[in-house]
Visitor: 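Below is a structure I'd like to ask you about.
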Protein chains: 2
Amino acid sequence: MARVSIEDVANLAGVSITTVSRVINNKDYPVAEKTKKKVLKAVKELNYFPDFTAQNLRNNFSNTIGLITREISDPYFGIIARAVTERASYYGVLSIVCNTGRNPVNELQYHDLLWQHKVRGIILSGGGLDADDYRDKLQEQIKRYNDHGNRIVSLAPQGLEMPYVTIDNRATGEMITDYLVDLGHRKIAFLGGPEQIYTASERVKGYKLSLTKHGLTFDPTLLHHGQFSWESGYEAARRLLLENREFSGICCANDDIAYGVLQALKEQNIQVPGQVSVISIGDLPLSTHIDPPLTTAQVPLYDMALRAVDVIMDGSKPDHNASLIFKTPIVKRLSTAPYISGLGQG
Amino acid sequence: MARVSIEDVANLAGVSITTVSRVINNKDYPVAEKTKKKVLKAVKELNYFPDFTAQNLRNNFSNTIGLITREISDPYFGIIARAVTERASYYGVLSIVCNTGRNPVNELQYHDLLWQHKVRGIILSGGGLDADDYRDKLQEQIKRYNDHGNRIVSLAPQGLEMPYVTIDNRATGEMITDYLVDLGHRKIAFLGGPEQIYTASERVKGYKLSLTKHGLTFDPTLLHHGQFSWESGYEAARRLLLENREFSGICCANDDIAYGVLQALKEQNIQVPGQVSVISIGDLPLSTHIDPPLTTAQVPLYDMALRAVDVIMDGSKPDHNASLIFKTPIVKRLSTAPYISGLGQG
DNA sequence: TTGTATGCGTTATCAA
DNA sequence: TTGATAACGCATACAA
């Protein structure tokens with residue numbers, strides 16, 4: 001059974017396909033009221049919907065945007081996906097979601113596939129990788145898109161020239177460290193993400209900056225590089241305890257790490273925030289539910305992602321190539337408290 | 001700047017576009033080795049990628065599938081999305097993700113948009129709604145797809161004739177109740193999802209079935225209908241306590257509800273499983289991390305979603321219209337224990 | 001083994 | 001105010 005086409009509608013209405021097209025798209029093109037009625041009636045009667053594949057071929061653009069995520073089942077990316085799909089709908093375009101499973105090879109492949117789909121633009125949601133071939137390919141992709149008037153926007157620094165809607169990762173790392181220092185903590189650990197992810201390394205830099213600024217010495221045994229995951233935080237915290245490190249505060253590079261930390265501390269009957277204060281970056285929904293509720297620098301992912309879609313769809317805006325930096329206010333909850341006494345060495 | 005087309009490749013290689021097309025798609029069509037080389041060289045040199053919008057128009061199918069989710073930031077749907085995108089990639093198609101925000105109107109609109117995109121099929125991930133206009137429209141959509149040889153598959157019962165990859169919700173509700181009864185519990189509460197969602201009401205039916213089967217009387221004050229959410233579970237548990245209900249076990253219709261329950265109990269210093277056993281349906285990743293780790297009937301969402309993509313892409317299989325019912329084994333963790341004494345009335 | 005020509009469903013240009 | 005027609009990029013039936 002064949003789909004109903006614009007021609008079917010034209011035949012039923014007794015007009016040309018041109019007229020039908022005009023009635024449907026060119027809302028303000030002058031068409032006789034009577035003709036318009038006939039056409040609309042035929043459209044309804046046949047339950048006609050324009051074929052996007054034909055429109056897209058003709059228009060040299062598809063009505064889709066691409067979203068590249070690393071792990072869509074992680075609420076971090078889920079929130080982004082929610083915002084993107086919602087805002088895309090508002091613009092009347094659909095969202096093609098490409099989940100890489102954290103494999104850069106997949107990511108590169110998706111770029112080509114999205115290109116073939118003539119997406120209006122691509123939103124990158126993961127942090128830039130510190131690998132030459134990856135960056136080269138991405139750079140090439142960006143150029144290709146720029147040459148054709150569409151855009152790749154990133155929600156995390158890629159270390160490349162392109163539009164961003166992001167946060168200041170270094171400043172945020174500094175901010176959460178400052179927060180603990182201001183509470184009187186002096187021995188502060190930092191549990192970071194993967195070293196080769198730009199976002200992660202920036203947050204570490206902020207941590208070090210804060211220490212220096214306050215005249216505190218950086219202790220390498222209190223810095224840990226791992227994954228942005230519960231397990232990584234859990235393991236890192238256990239190690240700190242096992243090695244009997246001296247500290248009273250822990251900065252976590254993201255919420256997931258903090259969740260793991262809280263569990264590890266709980267298992268050892270260490271009071272949070274009584275003995276150790278924990279702070280992180282993110283503010284995922286779970287952070288209000290976890291015990292104790294997490295003090296965290298809020299990354300307004302949802303708003304950022306909405307804005308990223310705007311940048312793609314609203315390319316006319318003068319600021320379309322400028323970077324938008326969102327603030328990351330600290331949300332005070334119950335996982336942090338003024339310093340009383342710390343852990344370790346005594 | 002124009003995209004490079006098949007014609008550009010043909011020109012550079014000094015052959016016809018037909019030949020180029022054959023080299024690229026029809027891997028086994030006889031083409032002289034020398035010609036093939038020339039074409040491939042030109043393809044590479046021009047960095048040519050076929051235009052999907054043209055292919056799709058020509059093929060009368062697009063290389064996409066649609067996924068309709070209710071709340072993509074919820075790991076329940078996130079896991080489904082992960083599986084779908086992954087499996088879609090395997091088949092060489094992209095995934096259009098449509099998130100409804102739990103608004104049925106959006107869902108219906110997405111059906112039309114996906115139709116216009118000529119998706120190969122649609123995967124429904126939310127449970128069927130008990131509303132006539134919704135079901136009528138969905139029914140119509142299914143018919144439309146059937147008439148054109150593509151498929152709508154559902155991961156949750158819709159109360160309509162269509163292929164399913166799902167679980168037996170009623171049996172699972174019964175199973176978790178049985179589990180608590182077998183542990184010696186007699187007063188068991190059930191905290192359910194929205195009454196008008198088929199999935200939710202089936203789970204309640206299973207609960208009642210189990211009670212009857214064991215000669216236990218159903219106590220309406222121990223049954224609560226709410227949302228599939230943390231907040232809903234939290235509130236429901238608080239109410240049970242506030243009203244001083246007599247019970248020693250709680251069955252939760254999904255994991256999120258159970259998380260809220262655990263927090264409510266913890267806040268009242270009620271021991272789990274010492275005083276109250278908690279069991280649920282789902283087994284999201286967080287369930288192993290929560291304190292205490294949750295005993296839960298495992299819904300193999302990931303595998304189910306993979307299979308759903310197979311049903312769409314592998315329509316040739318004889319079982320393509322049959323329902324696949326996945327088992328929901330109970331994963332024993334620390335939130336359940338044999339009955340000692342319960343709560344309330346005493 | 002290769003090429004020519006047609007058509008997929010639209011939109012837009014031009015003419016009437 | 002309306003309509004005929006070219007063109008978008010590709011795959012395929014048919015011809016050579």
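Proteins come first, then strands; the chains are lettered A, B, ... in the order of their sequence lines, and each starts at number 1.
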Visitor: Could you work out, with salt bridge (Lys or Arg N to Asp or Glu O under 4.0 Å) as the rule, every residue matching B:E107, not counting sequence neighbours?
Guide: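 Result, salt bridge (Lys or Arg N to Asp or Glu O under 4.0 Å) vs B:E107: B:R70.
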Visitor: Partners of B:R120 by salt bridge (Lys or Arg N to Asp or Glu O under 4.0 Å), sequence neighbours excluded?
Guide: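 By the salt bridge (Lys or Arg N to Asp or Glu O under 4.0 Å) rule, B:R120 matches no residue at all.
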Visitor: Under the rule for salt bridge (Lys or Arg N to Asp or Glu O under 4.0 Å), what residues qualify as partners of B:E45, not counting sequence neighbours?
Guide: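 Partners of B:E45 by the salt bridge (Lys or Arg N to Asp or Glu O under 4.0 Å) criterion, ordered by chain and then number, come out as B:K41.
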Visitor: Just jot down the side-chain hydrogen bond (donor to acceptor under 3.5 Å, both in side chains) partners of A:S21, sequence neighbours excluded, or say none.
Guide: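 Only A:N25 meet the side-chain hydrogen bond (donor to acceptor under 3.5 Å, both in side chains) criterion with A:S21.
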Visitor: Give me the first and last nucleotide of DNA chain D, going 5' to 3', that has any atom under 4.0 Å from a heavy atom of chain A.
Guide: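 Counting from the 5' end, contacts occupy D:dT1 to D:dG9.
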Visitor: Go through the structure and list residues passing salt bridge (Lys or Arg N to Asp or Glu O under 4.0 Å) with B:K37, not counting sequence neighbours.
Guide: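 For B:K37 there are no salt bridge (Lys or Arg N to Asp or Glu O under 4.0 Å) partners, ignoring immediate neighbours.
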Visitor: Using the side-chain hydrogen bond (donor to acceptor under 3.5 Å, both in side chains) criterion, which residues pair with B:S89? Sequence neighbours excluded.
Guide: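 A:Y110.
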Visitor: Just jot down the side-chain hydrogen bond (donor to acceptor under 3.5 Å, both in side chains) partners of A:E71, sequence neighbours excluded, or say none.
Guide: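 If we apply the side-chain hydrogen bond (donor to acceptor under 3.5 Å, both in side chains) test to A:E71, skipping adjacent residues, the hits are A:S73, B:R82.
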Visitor: Using the side-chain hydrogen bond (donor to acceptor under 3.5 Å, both in side chains) criterion, which residues pair with B:T64? Sequence neighbours excluded.
Guide: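 For B:T64, the residues satisfying side-chain hydrogen bond (donor to acceptor under 3.5 Å, both in side chains) (neighbours in sequence not counted) are B:S62.
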Visitor: Take the C1' atoms of the five end pairs on each side of the helix from C:dT1-D:dA16 to C:dA16-D:dT1, derive the two axes, and give their angle rounded to 10 degrees.
Guide: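 Inter-axis angle at the termini of the helix from C:dT1-D:dA16 to C:dA16-D:dT1: 40°.
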Visitor: Pairs under 3.5 angstrom only: tabulate donor-acceptor contacts from the side chains of residues 12-20 of chain B to other protein residues two or more places apart or in another chain.
Guide:
{"unit_1": "B:S16", "atom_1": "OG", "unit_2": "B:T18", "atom_2": "N", "d": "3.4"}
{"unit_1": "B:S16", "atom_1": "OG", "unit_2": "B:T19", "atom_2": "N", "d": "3.3"}
{"unit_1": "B:S16", "atom_1": "OG", "unit_2": "B:T19", "atom_2": "OG1", "d": "3.3"}

Visitor: Which parts of nucleotides 7-16 of chain C does protein reach within less than 4.0 Å, heavy atoms only, written one letter per nucleotide 5' to 3' as B for base, S for sugar-phosphate only and - for none?
Guide: BBBBBB----
Visitor: Should A:D147 and A:K143 count as an ion pair when the cut-off is N to O under 4.0 Å?
Guide: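 Yes, this pair counts.
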